[in-house]
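Data block below; observations after.
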Amino acid sequence: MGTKRKKNKNNKYASKKHHDKGPVKAKKHLGQHFLKDEAIAKQIADTLLQKGYDNVIEIGPGTGVLTKYLLAREINLVAMDLDTESIKYLNETFPLEHFTLLQGKGSFKVIEADFLNYDLNALFNNQPFGITGNFPYNISTQIVFKMLEHRDLVPEFSGMFQKEVAERICAQEGSKTYGILSVIAQAFYDNEYLFTVPPEVFDPPPKVQSGVLRMVRKTNYHLPCDEQLFKRVVKTAFNQRRKTLRNSLKTFTLSDILKEDTIFDQRPEQLSVEDFIALTKKIADDTL
């Protein structure tokens, strides 16, 4: 038994040593899992179609594995991270390691900031920009919702999420994973799940698989209905997703005539984005 305990202790030490050997130590409270696979980093960089814009924000650059492939595209890149150690590395050591990548027509700037609280309008002087990154799993959904609030400036968004979150964003009606995030994201963007990434290509490896997606803004990304009411209808409906809309939307105090509409016999996961838009219009007309 003594020998076995010693072996486990040594293994634990070896694992810790392995995680500390990189240029930046991954921090659990920031949800960091650093990508170490070069081929996958290049694949993620290539997910940006970059049509109609030259500015890009990379969220959570970490050790710059994805960053260097983005810089090769000759873009104006802003790498944004909350980790002081990562910022120091990207500003001081990273440019020396990848100096040739910085000789293009673009630019490279590193900002120590929280994406969720940053004023994105001022970042590129109100010029359009794409967003990509290996997103921290604990705030990835919030990142999407903030991006949607600034969709006038963001024609394209791509990156790596926890696999089930990426699938949820791209899920179609009728799916068990179809929900609030699916409907609101698809109201404004055409979304595509691109590929799955296994845990072992990260340091430290997460306990789940990851998924990479691309979101391309629709040509007409303004809803033909009250946007705030649309979001309220979607959220209220899915908060009681097992109930029919007739029961889940009771807080809207709808007229008896409207509630006779057959759409209220359905559950929220049965409705497409277009159905939710039509429903929002009916509710708006009913409550005038």
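Predicted model only: the values in this text are computed from it and were never measured. The chain is numbered in sequence order, starting from 1.
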Check ion pair [X]-[Y] (N to O, under 4.0 angstrom):
X	Y	value
Lys163	Glu167	yes
Glu200	Lys207	no
Asp285	Lys281	no

Side-chain touch [X]/[Y], heavy atoms, less than 4.5 angstrom:
X	Y	value
Ser248	Phe238	no
Ile143	Ile59	yes
Met215	Ile169	yes
Lys250	Asn247	yes
Asp37	Phe202	no

Check your understanding: Quick check: are there more than 12 heavy atoms from other residues, nucleotides or ligands sitting under 6.0 Å from NZ of Lys109?
Key -> no
First locate atom [atom1] of [X], then atom [atom2] of [Y], and finally report the distance between them rounded to the nearest 0.5 Å.
X	Y	atom1	atom2	answer
Met147	Phe188	CE	CZ	10.0 Å
Leu70	Glu74	CG	CD	13.0 Å
Lys231	Thr280	NZ	OG1	12.0 Å
Ile283	Leu258	CD1	CG	6.5 Å
Leu82	Met80	CG	CE	9.5 Å

Regarding [X] and [Y], do their side chains bring together a donor and an acceptor under 3.5 Å, going by distance alone?
X	Y	value
Asp275	Ser272	yes
Thr132	Glu58	no
Glu38	Tyr69	yes
Glu164	Thr177	no
Asn76	Ser107	yes

**Study point:** Sequence-distant partners of Glu269, side-chain hydrogen bond (donor to acceptor under 3.5 Å, both in side chains), two or more places apart
**Key:** none
Exercise for review: Could you pull out all residues at least two apart from Ser255 that satisfy side-chain hydrogen bond (donor to acceptor under 3.5 Å, both in side chains)?
Suggested key: Asp286
Is the Lys NZ or Arg CZ of [X] less than 6.0 Å from the centre of [Y]'s six-membered ring, within 45° of the axis?
X	Y	answer
Lys146	Phe115	yes
Arg232	Phe252	yes
Arg217	Tyr221	yes

Single-linkage hydrophobic cluster [X]~[Y], side-chain heavy atoms < 4.5 angstrom:
X	Y	answer
Leu223	Leu279	yes
Val183	Phe264	yes
Tyr193	Val212	no
Val65	Ile131	no
Val216	Phe161	no

**Study point:** Trace of the side chain to side chain contact (heavy atoms under 4.5 Å, CB included) decision for Gln266 with Thr244
**Key:** CA-CA 5 Å; Gln266 300 187 73; Thr244 64; over 6 Å; no
I'd like to know if the side chain of [X] reaches the main chain of [Y], judged simply by a donor and an acceptor atom lying under 3.5 Å from each other, with no hydrogens or angles considered.
X	Y	answer
Glu156	Gln50	yes
Gln270	Arg267	yes
Thr47	Ile44	yes
Arg241	Tyr178	yes
Lys218	Gln186	yes
Ser182	Gly179	yes
Arg214	Leu49	no

Atom pairs and distances, side-chain donor-acceptor, residues 123-130, under 3.5 Å, sequence neighbours left out:
none

Exercise for review: Show the numbers, then the answer: is there a side chain to side chain contact (heavy atoms under 4.5 Å, CB included) between Val197 and Gln209?
Suggested key: CA-CA 6 Å; Val197 181; Gln209 287 191 316; over 6 Å; no
Check your understanding: Stepwise, does the side chain to side chain contact (heavy atoms under 4.5 Å, CB included) test hold for Phe135 with Val165?
Key -> CA-CA 11 Å; Phe135 306 124; Val165 176; over 6 Å; no
Check your understanding: Passes side chain to side chain contact (heavy atoms under 4.5 Å, CB included), Ile40 versus Leu66? Steps please.
Key -> CA-CA 9 Å; Ile40 291 176; Leu66 171 59; over 6 Å; no
